Amino acid sequence: MRPERYNFRESERKWQKTWSEREVFATGKSDWRPHYYVLEMFPYPSGRIHMGHVRNYAMGDVVARYKRARGFNVLHPMGWDAFGMPAENAAMQNSTHPAKWTYANIDAMRAQLKSMGLSLDWSREIATCDPSYYKHQQRLFLDFLSAGLVARKKSKVNWDPVDHTVLANEQVVDGRGWRSGAIVEQRELTQWFLKISDYSEELLTGLDALDRWPEKVRLMQRNWIGKSEGMMVRFAIDPASRGKLAGEAAATELEIYTTRPDTLFGAKFMAVAPDHPLAAAAAAHDPKLAEFIEECRRIGTSVAAIETAEKKGYDTGLRVFHPFDANWRLPIYVANFILMDYGAGAIFGCPAHDQRDLDFVNVYGLGVTPVVCPPGVDPSTLTVGKVAVDGDGVMINSRFLDGMTVESAKAEVARRLEAHTLGNRPQGQRQINYKLRDWGISRQRYWGCPIPIIHCEDCGTLPVPAADLPVRLPDDVTFDAPGNPLDRHPTWKHVACPRCGQPARRETDTMDTFVDSSWYFARFTDPWNEAAPTTPEVANSWLPVDQYIGGIEHAILHLLYSRFFTRAMRKCGHLGLDEPFAGLFTQGMVVHETYRDAAGQWVAPSEVRIGAEAGERRAFALKGDAPIEIGPIEKMSKSKRNTVDPDEIIASYGADTARWFMLSDSPPDRDVIWTEAGVQGAYKQTQRLWRLTCEIERVVGASRPGKPTNFSPEATKIRQIAHAALAKIEDDVEGLRFNVCIATIYQLANSLSAAIGAIDDADIADDLRYAFAEAGDMLTHAFAPMMPHLAEECWEALGHGTLVAQSPWPQIDRSLIVATHVTMPVQVNGRKRADLTIERDADAKAVEAAALALDAVRKALDNKPARKVIVVPQRIVNVVV
RNA sequence: GCGGACGUGGCGAAACCGGUAGACGCAAAGGACUUAAAAUCCUUCGGCCGAAAGGCUGUGCGGGUUCGACCCCCGCCGUCCGCACCA
């Protein structure tokens, strides 16, 4: 006799051991079967896995196990995104070494992941902080350098004056450093850049082919790349106004960028960015202007300030000539809303058709002339008040452009300005601009990949010779002072110049951690290669990743950087493809109710008892029974203490239950609400499936019958149910609709339960026993990707000597699914009145006649003749009176 | 401000191409078994009328197209997300 209850503790341990001993999930290196690469975004080793990880990895594991059953050679690896600031923060707080802290966390999290029973190939495990990984990253950096994909340039950065380090934009909150609380300064620092903007156009057009990516992510990347088509136009500066400028070499012209050359006759002013060279030149003789520029700089960083800042400007006194009218002069302002690093850092202002320009003009009273008249508006009555006019229309007040459409006016202005010369060059030139900036990767941090560069006073900036890689992080560093420990290390940075041998200085900046995660998916394809980052023919055989799964928060940064890296690696011969991820799925978050006590302090779910009072849900403290306020459902976070520890769930209910609950109910791309009742429900289902399997085993008996040649109607019915359900489950898993898939599994289980209840136990015929055995196998296969431990236990109970994890997906007999008869609803005037069961291939005439003959239909018609009968074969009949 | 997504029972949701709205699950109510509890099993479960059969109504709101609309079109309302002085 099988035990009544399924003991998850015993079974999960047993099957995990079996899988590991038999190396069931190690990916064969020489395997003729088609490849399938499924990958979940690898975790940062913070110390503990959280429910978001459980959800993410449960989904990936369903795909991996399913594809393995479908006959693919599946690659499903795991690693650690192990560099980053938390390790340094921990080092400062607990005086432990970042490496020690990180590797201890990795050990703890690996054990947690293993307790989930994931079908991972642990032999390929990598950690980005390991020299065996970052040595190849340094090699990639040097290859990119030789390929012209690396630049060293000055740029503005967020500088925290207390912590002495650069901060990422995300780490600046309301103009202050997130850790120190100090007001962040804008500093010019020389930084290393990866030239992602070389690929702006390719990264943009490449999105079109990523048809298995969420449209939302593609759109976000499109907006981020921010392509715009416009013109660079040079305006001559009126010599009479140039006295304002300093020096003999003073500028004679001003170049601007515009996407609206058609509105040139609506121009009222010119504006340059506060850090534009012309602004600096004009400020040299104008202390008030210098002060204005300084003020703009101070406000510059804070997002909040930008939102509320009014449009402000300062008239330099300089004047330019309108390109189409030598008698038309326009003033040059320095304005706080012009960005230096976009376009030319200067614009011409057309207030009628640009909201910002209009706001500006309304402050300084420079006037408004509309030049585009929207359709259906009388030009003589057109006025512009507080809202600029955008959109299409007909050109007015624009001399030779009058009457043209916006589009043809743009073309006409472009044609004329390209033909017209200023100096010896065309006055205007069509140009495409992108918002995408080059990627600054320098970080003044210890716990990151060292940039393999040596600075020599005589020879300049030199790459570390390949033979000297890796540039290893020194172990003996201190974190007792702010700033970069590498920079103040007594010896590490002092090296001999690889060219002249004189004393030189090592680069002490390390790489942004996003570099580490930009190519790990490629490393997984051959992590044993010590000589090179990839083995191209192996990498090319696995990549692109067939299914990548992770959070939407990486929609831009990580997913864009990886797309760039793949192209850069292709250029250097490490890969032979463009796109790293053929399929992308972004899963929703795990959310939970929040709780607060009377004092307003957050209370953890584990400290709360949920009860009912007067029919309403109420919460009480486990200790003392004080009432607890139930707050809104929010993303699980430590600060609100609404987290649930996966370890505790796995200990109380088992990994299968945790996985099953994460996959059921909510669509995978939406948030899932974690509830105690939901977990308990999932747990009940594991027991129910186990009981059902035991019953099937009892019906089937000790020896399985062979496949009979004929099946009784009862046996056929069971086979139809099982085959049809499995076919639907295939579709659901392929479409990543796990919640629907689970509903179908429930339906199958319910049907089989009912069928068993209906049979007469006395004498069970072989064909029925066969049908139940087959249905039991199919049911087990159906839930095996979600609850793999229970599935192994059931598989064994059903009399198999093999592992379900290594068994092929059952063959579906499609002829069983197509029934001979169909039942279709019959509507009268769009309202359902009856069901009609008829031969599947009955022709429309026969269906119509049968439908009209139904009592319920005749009654609904009430002797009135049918005006029209619509028959959709195998779907529906609608009788119109 | 710009862009996008979503809105279906008490709750999570399903409905794949315009064809039976609410599959499946949770919660709830009633019952069986039990000394009792847990576990398990059975029944009911969008709203209104009705003992039932059945009828009417119903997918955020208002229109439209269609034999037929959760689905398509137009106009609103609400929620969430992303971007944001990008010329």
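Computed over heavy atoms, backbone and side chain alike; hydrogens, waters and symmetry mates excluded. Everything numeric here is computed off the predicted structure, so don't read it as measured data. In what follows, chains are A, B, ... by sequence order, proteins preceding strands, each numbered from 1.
Neither OP1 nor OP2 of B/A87 sits under 4.0 Å from any side-chain N or O of A/Tyr257. In this model, the phosphate group of B/A13 is approached by a side-chain N or O of A/Arg670 to a distance below 4.0 Å at OP1 or OP2. Phosphate contact (OP1/OP2 of B/G4, side-chain N/O of A/Asn223, threshold under 4.0 Å): absent. For B/C24, neither phosphate oxygen OP1 nor OP2 lies less than 4.0 angstrom from any side-chain nitrogen or oxygen of A/Ser664. In this model, the phosphate group of B/A14 is approached by a side-chain N or O of A/Asn739 to a distance below 4.0 Å at OP1 or OP2. Phosphate contact (OP1/OP2 of B/G4, side-chain N/O of A/Lys216, threshold under 4.0 Å): absent.
Base pairing of B/G58: no nucleotide in any strand meets the Watson-Crick or G-U wobble criterion (both distances under 3.5 Å). Across all strands shown, B/G64 is found opposite B/C72 as a Watson-Crick or G-U wobble partner, with both distances under 3.5 Å. In this entry B/C16 has no Watson-Crick or G-U wobble partner, no candidate having both defining distances under 3.5 Å. For B/A52, there is no paired base (Watson-Crick or G-U wobble, both distances below 3.5 Å). Across the strands present, B/G1 finds its partner in B/C83; the criterion is a Watson-Crick or G-U wobble pair with both atom distances under 3.5 angstrom. B/C41 is paired with B/G31 under the Watson-Crick or G-U wobble criterion, all donor-acceptor distances under 3.5 Å.
Within 4.0 Å (heavy atoms only), A/Leu339 reaches at least one base atom of the nucleic acid. Using a 4.0 Å heavy-atom distance criterion, A/Lys435 is classed as a base contact. Contacts of A/Asp731 with the nucleic acid, taken as non-hydrogen atoms under 4.0 Å apart, are absent. Within the nucleic acid shown, A/Ile552 has no heavy atom closer than 4.0 Å to any nucleic acid atom.
Spacing between B/U8 and B/G1 at atom P, rounded to whole Å, works out to 25 Å. Using P as the reference atom, B/C49 and B/C41 are 34 Å apart when rounded to the nearest Å. The P atoms of B/G68 and B/G19 are separated by 14 Å, rounded to the nearest whole Å. B/A21 sits 14 Å from B/C16 when the P atoms are compared, rounded to a whole Å. Comparing B/G55 with B/C42, their C1' atoms sit 29 Å apart, to the nearest whole Å. For the C1' atoms, the distance from B/A39 to B/A32 is 14 Å, rounded to whole Å. Of the C1' atoms belonging to B/U20 and B/C70, the separation is 14 Å, rounded to the nearest Å. Taking the P atoms as reference points, B/U65 lies 25 Å from B/C17, given to the whole Å.
Of the candidates B/C67, B/G25, B/C85, B/C85 carries the atom nearest the A/Asn336 side chain, counting heavy atoms from C-beta on. The side chain of A/Asp354 lies closest to B/A87 when the candidates are B/G19, B/A14, B/A87.
Between A/Leu692 atom CG and B/U40 atom P the separation is 14 Å, expressed in whole Å. Atom CD1 of A/Ile876 and atom C1' of B/C17 are 14 Å apart (whole Å). Taking atom CG on A/Asp669 and atom P on B/C81, their separation rounds to 16 Å, with Å as the unit. With rounding to whole Å, A/Lys728 atom NZ is found 10 Å from B/C24 atom C1'. When the P atom of B/A13 is taken as reference, atom CZ of A/Phe738 falls 17 Å away, rounded to whole Å. Atom pair A/Met220:CE and B/G82:P shows a separation of 7 Å (rounding to whole Å applied). Rounded to an integer number of Å, the gap from CD of A/Gln827 to C1' of B/U66 is 13 Å. In this structure, A/Gln685 places its CD atom 9 Å from P of B/U40, rounding to the nearest Å.
Regarding the sugar-base torsion, B/C17 falls in the syn class, its angle being within 90° of 0. With a glycosidic angle more than 90° from 0, B/G30 adopts the anti conformation.
Remark: the A/Glu201 side chain and the A/Tyr434 side chain contain an N/O donor-acceptor pair separated by less than 3.5 Å. Checking A/Tyr342 against A/Ser228 by side-chain atom types alone, a donor-acceptor pair falls below 3.5 Å.
For the pair A/Trp224 and A/Ala677, nearest-nucleotide mapping onto RNA chain B gives the more 5' position to A/Ala677. Between A/Asp390 and A/Ile673, the residue whose closest nucleotide on RNA chain B is further toward the 5' end is A/Asp390.
Contact of the A/Thr594 side chain with the A/Pro632 side chain is registered, since non-hydrogen atoms from C-beta on lie closer than 4.5 Å. Between A/Ile876 and A/Met824 the shortest side-chain heavy-atom distance does not fall below 4.5 Å.
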### Task
Starting from the C-alpha separation in whole Å, work towards a yes-or-no answer on side chain to side chain contact (heavy atoms under 4.5 Å, CB included) for A/Val672 and A/Asp665.
CA-CA 8 Å; A/Val672 62; A/Asp665 285 348; 5.7 Å; no

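The aromatic rings of A/Tyr333 and A/Phe269 lie perpendicular to each other, with more than 60° between the two planes, well past the 30° mark. Below 30°, between 30° and 60°, or above 60°: for A/Tyr364 and A/Phe360 the angle between ring planes is between 30° and 60°, a tilted geometry. Between A/Phe235 and A/His322, the ring-plane angle classifies as perpendicular under the 30° and 60° cut-offs.
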